[in-house]
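Since the structure is predicted, the reported quantities are computational estimates derived from the model, not experimental observations.
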Amino acid sequence: MAQTGGPSKWSAFGSAFVANGFTMYPVLLLLVIVGAVVAPRFLSPTNLINILEQISVLGLTTIGLTFVVLIGRLDLSLEGIVGFAPMLAAVMLVPATSGGFGVELPSWMGLIVALGAAGLIGLFNGFMVVRVGLNPFISTLGLLVLLRGGVLIISNGRSIYSPGPALTWLGSEKVLGIPVAVLVFLFVALIVGLVFQYHRYGRALYAIGGNEEAARAAGINVDRVIWSAFFFAGLLAGLAGVLMTGRLDSAVTTQGEGIIFSAFAAAVIGGVSLGGGKGNIIGVISGVLLIGVINNLLTLAQVPSFYVQASTGAVIIVAAVLTTLASRRSSGMKTRT
């Protein structure tokens, strides 16, 4: 009796630990300890806030990606949205002499233009997948290339500097010493986490990713949920682009390049299944933090930048192995007698 009770308790704990997205947090803790030993300034408040500020853009993009991945789809165009949405707003705000269209909209409209464009692109992705029936990988890949070219077309191939407070405030200001970008990221993560966990919309996302036909049979409006998932993904990618523009005080032509690979890495590290129906915000945050901490440690150690880029691929492989082993271990413990 005593022998069967012990494994049962550990089985329940292990299963809950993996299912709730905590798999990578011991690894993250180990990295923090290593960072404190290798680089004493790593644990300084300034550096920790700097890490959070740097991951805010990646964090919002990854949360947006999670909406789509949970329903078993992919959206590669998010990288293009991060660059295109704020660039479109910038050229609508600045005068022609600064590289704009000469429209010179009021500054407060910059955020509306950026988020509006991002949301419309997300809706377009949903239309192509739901109504036209295109494969989301192919359609969003094509749109990514189109948006990358669109950035160069509307900006004439040059960056737009000082686009105005509407595009820079969120990414550059601080409240009580904490960057607004960090507060925005944490707020969005909290709201989305609650929606995923407790709202019927979140349950619909998981249901569609788990078994789309069963979700239809259960009365879920699958097409509407898929459409909305692409919309929210695009909207959050646009917000991430605004934060990046604010931090740089400019909309640059290369903005967001490569971020989709880091977003996929963070999602996979955090336990989000690319097959759909599995993952949560706690895990996503762990993946984003892990990438941010590793990049920061390598930077403090003055490791060349190309090693920093290569580390992301290594982290994906290691994290995927650890997550798989943890899942097998927890499920294997259930079957023991």
(message) If I compare all heavy atoms of Ser107 with all of Ala166, which pair ends up nearest, and what's the gap?
(response) O-CB, 2.6 Å
(request) Would you check if the side chain of Arg41 reaches a backbone N or O of Asn47 as a donor-acceptor pair within less than 3.5 Å? (result) no
(request) Taking the side chain as every heavy atom from C-beta outward, state whether Glu212 and Val222 have any pair of such atoms under 4.5 Å apart. (result) yes
(request) Flag the pair Phe42 / Val37 as yes when at least one side-chain heavy-atom distance between them is below 4.5 Å, and no otherwise. (result) no
(message) Please tell me whether Ser139 and Asn125 have a donor and an acceptor in their side chains that are separated by less than 3.5 angstrom.
(response) no
(message) Has Tyr206 got a side-chain atom pairing as donor or acceptor with Gln197's backbone, closer than 3.5 angstrom?
(response) no
(request) Pick out which of Val252, Ile154, Leu147 makes a side chain to side chain contact (heavy atoms under 4.5 Å, CB included) with Met87. (result) Ile154
(message) Under 4.5 Å between side-chain heavy atoms, counting indirect links through other Ile/Leu/Val/Met/Phe/Trp/Tyr residues: same cluster for Leu93 and Trp108 or not?
(response) yes
(request) Compare all side-chain heavy atoms of Val113 with those of Leu105 and state whether any distance is below 4.5 angstrom. (result) yes
(message) Grouping I, L, V, M, F, W and Y whenever their side-chain heavy atoms are under 4.5 Å apart, do Leu52 and Leu43 come out in a common cluster?
(response) yes
(request) Considering non-hydrogen atoms only, spot the tightest contact between Pro86 and Thr245 and give its length. (result) CB-OG1, 3.2 Å
(request) Measure the spacing between CG of Asn50 and CD of Gln54 and express it to the nearest 0.5 Å. (result) 4.0 Å
(message) Can you give me the closest heavy-atom contact between Gly110 and Ala89, atom names plus distance?
(response) O-CB, 3.3 Å
(request) Decide yes or no for Val284 and Phe196: does some side-chain heavy atom of the first lie under 4.5 Å from some side-chain heavy atom of the second? (result) no
(request) Could you tell me whether Lys174 and Glu53 have a side-chain N and a carboxylate O separated by less than 4.0 Å? (result) no
(request) Look up atom CD1 in Ile269 and atom CG in Leu28, then write down how far apart they are to the nearest 0.5 Å. (result) 10.5 Å
(request) Over all heavy atoms of both residues, which pair between Thr61 and Ala263 is shortest? Give the atoms and the distance, please. (result) CG2-CB, 4.1 Å
(message) Using 0.5 Å steps for rounding, measure from the CD1 atom of Ile51 to the CG atom of Asn295.
(response) 9.5 Å
(message) As an exercise, state the distance from CD of Glu213 to CD1 of Ile208, rounded to the nearest 0.5 Å.
(response) 11.0 Å
(request) Treat each ILVMFWY residue as a node, draw an edge where side-chain heavy atoms are under 4.5 Å apart, and state whether Phe137 and Leu70 are in one component. (result) yes
(message) Quick check against the 3.5 Å criterion: does Thr140 have a side-chain atom that pairs as donor or acceptor with the backbone of Leu76?
(response) yes
(request) For residues Ile291 and Ile55, determine if any side-chain heavy atom of one lies less than 4.5 Å from a side-chain heavy atom of the other. (result) no
(request) Look up atom CG in Leu141 and atom CG in Asn135, then write down how far apart they are to the nearest 0.5 Å. (result) 10.0 Å
(request) Please check if the side chain of Gln255 supplies one atom and the backbone of Gly241 the other of a donor-acceptor pair under 3.5 Å. (result) yes
(request) Can you measure from CG (Leu183) to CZ (Phe187) and round to the nearest 0.5 angstrom? (result) 11.0 Å
(request) Verify ring-ring contact (aromatic ring centres under 6.0 Å, His included) between Phe124 and Phe231, making sure each step is shown before the conclusion. (result) CA-CA 8 Å; Phe124 177 77; Phe231 168 75; over 10 Å; no
(request) Quick one: do Val57 and Phe185 satisfy side-chain contact (heavy atoms from CB on, under 4.5 Å)? Show the steps, please. (result) CA-CA 8 Å; Val57 172; Phe185 165 57; over 6 Å; no
(request) Sorted by first residue and then second, give each salt bridge (charged side-chain N to carboxylate O under 4.0 Å, His left out) pair with at least one member in residues 222-241; sequence neighbours left out. (result) Arg216-Asp223
(request) Quick one: sort the Trp227 and Phe127 rings into parallel, tilted or perpendicular, breaks at 30° and 60°. (result) tilted
(request) Evaluate the criterion side-chain contact (heavy atoms from CB on, under 4.5 Å) for residue pair Lys278 and Val272; output intermediate values, then yes/no. (result) CA-CA 6 Å; Lys278 180 181 178 183; Val272 178; over 6 Å; no
(request) Looking only at non-hydrogen atoms, find the nearest pair between Gly99 and Ile160 and report the distance. (result) O-CD1, 3.6 Å
(request) Could you tell me whether a side-chain N or O of Glu79 sits under 3.5 Å from a main-chain N or O of Gly258, the two making a donor and an acceptor? (result) yes
(request) Flag the pair Leu111 / Leu170 as yes when at least one side-chain heavy-atom distance between them is below 4.5 Å, and no otherwise. (result) yes
(message) Working note: Val94 + Tyr161, criterion side-chain contact (heavy atoms from CB on, under 4.5 Å); need CA distance, chi angles, decisive distance, verdict.
(response) CA-CA 9 Å; Val94 301; Tyr161 299 99; over 6 Å; no
(request) Taking the side chain as every heavy atom from C-beta outward, state whether Ile121 and Phe230 have any pair of such atoms under 4.5 Å apart. (result) no
(request) Taking all non-hydrogen atoms of both residues into account, name the closest pair between Ala233 and Asp75 and its distance. (result) CB-OD2, 4.3 Å
(request) Examine Ile138 and Val129 and state if one hydrophobic cluster contains both, with Ile, Leu, Val, Met, Phe, Trp and Tyr joined whenever side-chain heavy atoms are less than 4.5 Å apart. (result) yes
(message) Starting from Met244, can I reach Ile49 by hopping between I/L/V/M/F/W/Y residues whose side chains sit under 4.5 Å apart?
(response) no
(message) Is any side-chain heavy atom of Asp249 closer than 4.5 Å to one of Pro163?
(response) yes
(request) On the 0 to 90° scale, with breaks at 30° and 60°, tag the Phe232-Tyr201 ring pair as parallel, tilted or perpendicular. (result) perpendicular
(request) Evaluate side-chain contact (heavy atoms from CB on, under 4.5 Å) for Leu115 paired with Leu235, printing each intermediate quantity in order. (result) CA-CA 6 Å; Leu115 296 184; Leu235 191 66; 4.1 Å; yes
